[in-house]
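Hydrogens, waters and symmetry mates are skipped; everything else that's a heavy atom, side chains included, is used.
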Amino acid sequence: RDPQGKRAAMNPVLRQLGRRLRLGVVGGGAGSFIGPVHRTAARLDDRFEVVAGVLSSDAERSRAQGVAIGLAPERAYADWRTMLETERARPDGIDVVAVMTPNHLHFPVADAALDAGFDVVCDKPLAMTSAEAIALVRKVAATGLVFCTTYNYSQYPMVRQARALVASGRIGAVRQIHLEYVQGHAAARDTAETAAWRHDPARSGQSLILGDIGTHAQHLGAYVSGLDLEAVLAELATTVPGRASDDYAALLLHWAGGALGTLWVTNAAAGAEHGLSIRIFGAEGGLEWQQEQPNHLLHRRRGGFAELQTRRLHGALEPLAEHATRLEIGHPEGYQEAFASLYRDVADAVVARRTGRAVEPLALDFPTVLDGARGIRFIEAAVESSRTGSWVDCRLDPC
């Protein structure tokens, strides 16, 4: 224990509130991949403690699984509505709600959490329709609460380095953005009970492949380029025989400012691993990043040599990238650390809101409810384009 010293001095949450933020989780129970990721990420920087949760849609399993992860029995709830109502009334109730349920529950849980006065961390896709997503955007604006959509790839140091280089004009005006997210884990039909909801459009949404991983690529392109996606021409398809949901999408993209691009996304490319990548080209050069080699950013210059930038010693990167850098030279930054950076910055924003103090500007560069809403509009436009064979405007008007 370190009740007075170094930990509190380095941790603005402990220093300003005198305690950790209390987190309530909805979803992410036994068999979930993302649940342990959220809970570990929330604790990594010592800004949160997980004190309440709903771990299953089955009441008894939820209670049992809550206790199994260390919750007090009375705070291992049977359903999320009871958790929100009860925790709101407790003097030591939760501060923030993290939503990691099947997709169809993201909106109702997040919406109710905002109504109860809680800040929110929510997995993508944000909602089932853009009308729901816009409702969340408006509610966040009206309440002033903090809302993070977990597009965690934006937290990799070299992704932030790319964003900073584009913003500083190092590659000139952006002309092309090419995105890929190519996985192979679903190259065969998935019969596991835990995956059943993913192949049910009523629970997974209009497009499984775009809702599951496609919006990650879309957000990566928008984040690095600083541009909004304006229109898409899309083909969505199922490539695995006997599967009801889509597992493939190929899109042409029109970005703000006249930039053009492509997106190829699939989870059914047999033998592929986790191939998320971006290639972005401007008038003076280009940048390339691949998540399977996360510490490398390739900077190509027109009329000059290519430069491989690596996440080396602290101080060598742009401030935005340094803010997300956790490890010293030679050690790779990874998925878990990127997720933890979301939680760290959300915590600092929540404490700033509660105390009325200024927050470090670099801590406000996490994806918000508006980023999540743009992802939903992107999905809707792509589905419509695939159905009609025509270009579809995907700009979002939350007003």
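Taking 4.5 Å as the limit, some side-chain heavy atom of Arg377 sits within range of a side-chain heavy atom of Val392. Considering only heavy atoms from C-beta on, Val97 stays 4.5 Å or farther from Glu87 through its side chain. For the pair Val37/Ser32, no side-chain contact is recorded, criterion being any heavy-atom separation below 4.5 Å from C-beta on. Taking 4.5 Å as the limit, some side-chain heavy atom of Val121 sits within range of a side-chain heavy atom of Tyr343. Within the 4.5 Å cutoff, the side chain of Phe281 has heavy atoms near those of the His178 side chain. The shortest side-chain heavy-atom distance between Arg374 and Leu370 falls under the 4.5 Å cut-off. Between Asn11 and Asp45, every side-chain heavy-atom pair lies at or beyond the 4.5 Å cut-off. Annotation: side chain of Leu179 is in contact with side chain of Leu253 (closest heavy-atom distance under 4.5 Å).
We find that Asp371 and Lys124 are not joined by a salt bridge, their nearest charged nitrogen and carboxylate oxygen being 4.0 Å or further apart. Electrostatic pairing of Lys139 and Asp111 counts as a salt bridge here, judged by a charged N lying under 4.0 Å from a carboxylate O. The pair Asp79-Arg81 fails the salt-bridge criterion, with no side-chain N (NZ, NE, NH1 or NH2) lying under 4.0 Å from an Asp/Glu carboxylate O.
A donor-acceptor contact shorter than 3.5 Å links the side chain of Gln161 to the backbone of Glu318. Panel note: side chain His106, backbone Thr101; a donor-acceptor pair is recorded below 3.5 Å. For the pair Thr262 (side chain) and Leu252 (backbone), a donor-acceptor distance under 3.5 Å is absent. Between the side chain of Arg302 and the backbone N or O of Ala283, at least one donor-acceptor pair lies under 3.5 Å. A side-chain donor-acceptor contact under 3.5 Å links Glu292 to the backbone of His274. Put simply, the side chain of Asp247 never gets that close to the backbone of Thr266: no donor and acceptor are under 3.5 Å apart. The main-chain N or O of Arg22 is found under 3.5 Å from a side-chain atom of Asp95 such that the two form a donor-acceptor pair. Judged by distance alone, with hydrogens and angles left aside, the side-chain atoms of Arg20 form no donor-acceptor pair with the main-chain N or O of Glu49 at under 3.5 Å. Counting only distance, with no hydrogens or angles, the side chain of Glu380 and the backbone of Ser130 share a donor-acceptor pair below 3.5 Å. With hydrogens and angles ignored, the 3.5 Å screen pairs no side-chain donor or acceptor of Arg160 with any backbone N or O of His323.
The minimum heavy-atom distance linking Gly117 with Leu145 is given by the pair O-CD2, 3.6 Å. When all heavy atoms are compared, the tightest approach of Ser207 to Asp246 is OG-OD2, 2.8 Å. When all heavy atoms of Leu84 and Val109 are compared, the closest pair comes out as CD1-O, 4.4 Å. In terms of heavy-atom proximity, Arg75 sits nearest to Asp92 at NH2-O, 3.1 Å. For the pair Gly221 and Trp255, the tightest heavy-atom approach, listed with the atom from each and the gap, is C-CH2, 3.7 Å. Residues Gly27 and Leu55 share a closest heavy-atom pair of O-CD1, 3.7 Å.
With rounding to the nearest 0.5 Å, the separation of NE2 in His254 from CG in Leu227 is 13.5 Å. The distance from the CZ atom of Phe366 to the OG atom of Ser154 is 10.0 Å, given to the nearest 0.5 Å. To the nearest 0.5 angstrom, Cys394 atom SG is 12.5 Å from Ile376 atom CD1. Note that the CG atom of Leu126 and the OG1 atom of Thr149 stand 5.0 Å from one another [nearest 0.5 Å]. Once rounded to the nearest 0.5 Å, the distance linking CG of Leu396 with CD1 of Ile134 reads 4.5 Å. Remark: Glu288 CD to Met158 CE distance equals 13.0 Å, nearest 0.5 Å.
No more than 12 heavy atoms of other residues, nucleotides or ligands shown are found within 6.0 angstrom of CZ on Arg88. Few gaps surround CZ on Arg354; more than 12 heavy atoms of other groups in view lie less than 6.0 Å from it. The number of heavy atoms from other shown groups lying within 6.0 Å of CD (Glu85) does not exceed 12. Atom CD of Glu273 is surrounded by 12 or fewer heavy atoms from other residues, nucleotides or ligands within 6.0 Å. Other residues, nucleotides and ligands contribute over 12 non-hydrogen atoms within 6.0 Å of the CZ atom of Arg63.
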Item to check | Test log, rule side chain to side chain contact (heavy atoms under 4.5 Å, CB included), inputs Leu233 and Trp391 | outcome: CA-CA 5 Å; Leu233 179 63; Trp391 283 91; 3.6 Å; yes
Item to check | Stepwise side chain to side chain contact (heavy atoms under 4.5 Å, CB included) test for Ile171 and Arg300 | outcome: CA-CA 8 Å; Ile171 68 168; Arg300 299 183 185 275; over 6 Å; no
Checklist entry - What's the verdict on side chain to side chain contact (heavy atoms under 4.5 Å, CB included) for Gln155 and Phe339, showing C-alpha distance, side-chain angles and the deciding distance? => result CA-CA 7 Å; Gln155 305 305 297; Phe339 231 101; over 6 Å; no
Next on the checklist: Please evaluate residues Ile213 and Gln183 with respect to the criterion side chain to side chain contact (heavy atoms under 4.5 Å, CB included), reporting the C-alpha separation (whole Å), side-chain torsions for both, the decisive distance (0.1 Å), and the verdict.
Outcome noted: CA-CA 9 Å; Ile213 61 175; Gln183 299 178 342; 3.8 Å; yes
Checklist entry - Under the side chain to side chain donor-acceptor pair (under 3.5 Å) criterion, do Thr150 and Asp123 qualify, and how do the steps go? => result CA-CA 5 Å; Thr150 56; Asp123 272 346; 2.6 Å; yes
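Residues Ile278 and Tyr223 share a hydrophobic cluster, clusters being chains of Ile/Leu/Val/Met/Phe/Trp/Tyr side chains in contact below 4.5 Å. The hydrophobic cluster containing Leu44 does not contain Val51, counting ILVMFWY residues as joined when their side-chain heavy atoms lie under 4.5 angstrom apart, directly or transitively. If you chain together hydrophobic residues whose side chains sit under 4.5 Å apart, Val159 and Ile280 fall into the same group. Linking Ile, Leu, Val, Met, Phe, Trp and Tyr whenever their side-chain heavy atoms come within less than 4.5 Å puts Met100 and Val346 in one cluster. Clustering ILVMFWY residues whenever any of their side-chain heavy atoms sit less than 4.5 angstrom apart, transitively, puts Val25 in a cluster other than the one holding Val67.
For the side chain to side chain donor-acceptor pair (under 3.5 Å) with Gln291, the lone residue among Tyr335, Tyr181, Tyr156, Tyr153 that qualifies is Tyr156.
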